[in-house]
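Here the structure is laid out as structure tokens; the discussion comes afterwards.
Letters go in sequence order (proteins before strands), and every chain restarts at 1. Note that the coordinates shown come from a computational prediction; the quantities given were computed from them, not determined experimentally.
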Number of protein chains: 2
Amino acid sequence: MDPKQLLKEHVAKTVKLSDDEFDGFFDCFTTKSYKKGAYIITEGDRIDCEYFVVSGCIKTFYINDNQKMFVLQFAMPGCWASDYSALYNGTRATINIGCITDTELLCLSNKDRENACKKFHQIEHYFRARMTSEYVASQKRLLSTMNNDVKYRYEELITLFPELFNMVPKRLIAAYLGVSRETLYRLNNS
Amino acid sequence: MDPKQLLKEHVAKTVKLSDDEFDGFFDCFTTKSYKKGAYIITEGDRIDCEYFVVSGCIKTFYINDNQKMFVLQFAMPGCWASDYSALYNGTRATINIGCITDTELLCLSNKDRENACKKFHQIEHYFRARMTSEYVASQKRLLSTMNNDVKYRYEELITLFPELFNMVPKRLIAAYLGVSRETLYRLNNS
DNA sequence: AAAAAGTTGTGATTTGCATCACACAATTTC
DNA sequence: GAAATTGTGTGATGCAAATCACAACTTTTT
């Protein structure tokens, strides 16, 4: 799908922008393509951008001291991703973002976002709404992690994003659910 | 501490408002006092407000089908709390908020917040910044839950909020960490 | 001040999941 | 298309934490 059109429709769900306003906003973005397996952000990087997924699928993840991976987010077309802690505090990335498939992104720099938010009240409103819903989703996931068993959460995830079932290795789904791949596998026979 | 002053200082950390602007904003708030043990929000309620804690301590929590409690947040003076999912989507509360000690709150209705955000760009900016940092904190907690053992997370919590150690029952701290109170107790001798 | 309610200390038992280990299948790479 | 890498199925073993059970201590209520 056309990147501009995808973003436009996505923004329009929250705020009404005139064509001119949206064009001005869209001019802040640059397009980038990555191959499967490529890193978009590596731990320790200085972060300058947040990313809007146009096509493909990316993962946001953390690797601990024992090389164990934890997946924070799978981002599909229409999703945003970055290391927001690093982006907003100007610190170095503590997480990684990598491509699960070939991926096309729109990149928005922190500076351009803040300028756009300052210039257009509606755009600030859009980003506030987005952050609110990310926060709510994150709280919901935390609660589900504490409250529900692995099987339930696996089914919850696949129901929410059926594409994931075939698109990403089970290993990564286990790393999202916070269990070993063996445990995830054994859910089938239980 | 004076509620108005506390809120003013809190807002000033993020945005510069003139005294008149702040006064206008503050007029949207109402003050409420609660006794220890009282409920501010009960599951199933229609939610109209978010709350800024002036004094005391409150807990945001969920009770599952087996009557097990999960604490999502301890809110101390200077913190905000509500069921944001219910507040923004107009749905019924799925969580509870209750008072751990006698508590004084400032209440801001959803409507008043949205009006203030519309009227004053700076206020919208304040709420965006707030939501961003809540989102970052929530992600960080999720990651810590998956990555670190209970003992580490307990110490992390007490380091961040030393007041909690004496102010809230260990039972509730266990419910925050997602373990049984027995497990929390046994950390001392291990 | 007595009774009731809530909180914490401590043992015994069970269980879900991690870890280790290895074979086989699928997918990349050259 | 052969070799290398990555992913998946499956068993055996061990441990951390849940659950149950109950006594002791604290705080609240009347």
Side-chain angles (χ1 to χ4, degrees), chain A residues 34-39 56-57 59 61-71 74 96 98-103 144-155 157-158 163-190, chain B residues 34-39 56-57 59 61-71 74 96 98-103 143-155 157-158 164-190:
Chain A
Y34 293 86
K35 286 278 164 204
K36 175 176 179 175
Y39 275 66
C57 180
K59 59 178 190 286
F61 63 104
Y62 173 74
I63 304 281
N64 79 1
D65 298 343
N66 306 318
Q67 302 305 310
K68 193 167 162 182
M69 174 189 289
F70 298 92
V71 173
F74 294 113
N96 308 274
C99 299
I100 296 176
T101 64
D102 291 358
T103 298
S144 186
T145 301
M146 295 204 290
N147 189 23
N148 301 123
D149 65 23
V150 188
K151 185 161 195 173
Y152 183 92
R153 284 158 46 219
Y154 178 51
E155 284 160 6
L157 179 70
I158 295 301
E163 321 87 290
L164 290 179
F165 187 81
N166 290 312
M167 195 185 273
V168 325
K170 300 285 171 287
R171 204 191 99 235
L172 293 183
I173 294 184
Y176 177 93
L177 296 171
V179 294
S180 67
R181 56 167 204 84
E182 292 94 331
T183 298
L184 183 65
Y185 158 71
R186 287 184 240 268
L187 295 181
N188 301 323
N189 349 322
S190 72
Chain B
Y34 293 86
K35 286 277 164 205
K36 175 175 180 177
Y39 276 66
C57 179
K59 60 178 191 287
F61 63 104
Y62 173 75
I63 305 281
N64 79 0
D65 299 343
N66 306 317
Q67 301 307 309
K68 192 166 162 182
M69 174 189 289
F70 298 91
V71 173
F74 294 114
N96 307 274
C99 298
I100 295 177
T101 65
D102 290 358
T103 299
L143 195 52
S144 186
T145 301
M146 294 205 291
N147 188 22
N148 300 122
D149 64 23
V150 188
K151 184 160 196 172
Y152 182 92
R153 283 157 47 220
Y154 178 50
E155 284 159 7
L157 178 70
I158 296 301
L164 291 179
F165 187 81
N166 290 312
M167 194 185 273
V168 325
K170 300 285 171 290
R171 204 191 100 234
L172 293 182
I173 294 184
Y176 178 93
L177 297 172
V179 294
S180 67
R181 57 166 203 85
E182 292 94 333
T183 298
L184 183 66
Y185 158 70
R186 287 178 178 119
L187 295 181
N188 301 324
N189 347 323
S190 72

Return the set of residues passing side chain to side chain donor-acceptor pair (under 3.5 Å) with A/Asn96 (not counting sequence neighbours), or none when no residue passes.
none
Minimum heavy-atom separation for A/Gly98 to A/Phe61, with atom names?
N-CE2, 3.7 Å
Please give, in whole Å, the distance from D/dT8 P to A/Asn166 CG?
11 Å
Between atom NZ in B/Lys68 and atom P in D/dA17, what is the gap in whole Å?
13 Å
Nearest-0.5 Å distance that lies between atom CE in A/Met69 and atom CG in B/Asn147:
13.0 Å
Base, sugar-phosphate, or nothing for A/Gly37, non-hydrogen atoms under 4.0 angstrom?
nothing
Upstream residue (5' side of DNA chain D) when B/Val150 and B/Lys36 are each assigned their closest nucleotide
B/Val150
For a quick check, with a 4.0 angstrom heavy-atom cut-off, what is the B/S/- contact string for nucleotides 9-14 of chain D, read 5' to 3'?
BBBB--
Using a cut-off of less than 4.0 Å, is there contact between a side-chain N or O of B/Ser180 and OP1 or OP2 of D/dA18?
yes
Between P of D/dT19 and CG of B/Asn66, the distance in whole Å
8 Å
Can you tell me if A/Lys170 uses its side chain to pair, donor with acceptor, with the backbone of A/Phe165 under 3.5 Å?
yes
At the 4.0 Å heavy-atom cut-off to chain B, mark where contacts on DNA chain C begin and end, going 5' to 3'.
C/dT7 to C/dA12
Taking 4.0 angstrom as the limit, do B/Asp102 and B/Lys36 come out as a salt bridge?
no
Is a side-chain N or O of A/Thr103 found less than 3.5 angstrom from the main chain of A/Tyr34, in a donor-acceptor match?
no
Check the orientation of A/Phe74 and A/Tyr176. Use parallel for under 30°, tilted for 30 to 60°, and perpendicular for over 60°.
parallel
Any side-chain heavy atom of B/Leu164 within less than 4.5 Å of one from B/Leu172?
no
Measure NZ/B/Lys35 against P/D/dT28 and give the value in whole Å, please.
12 Å
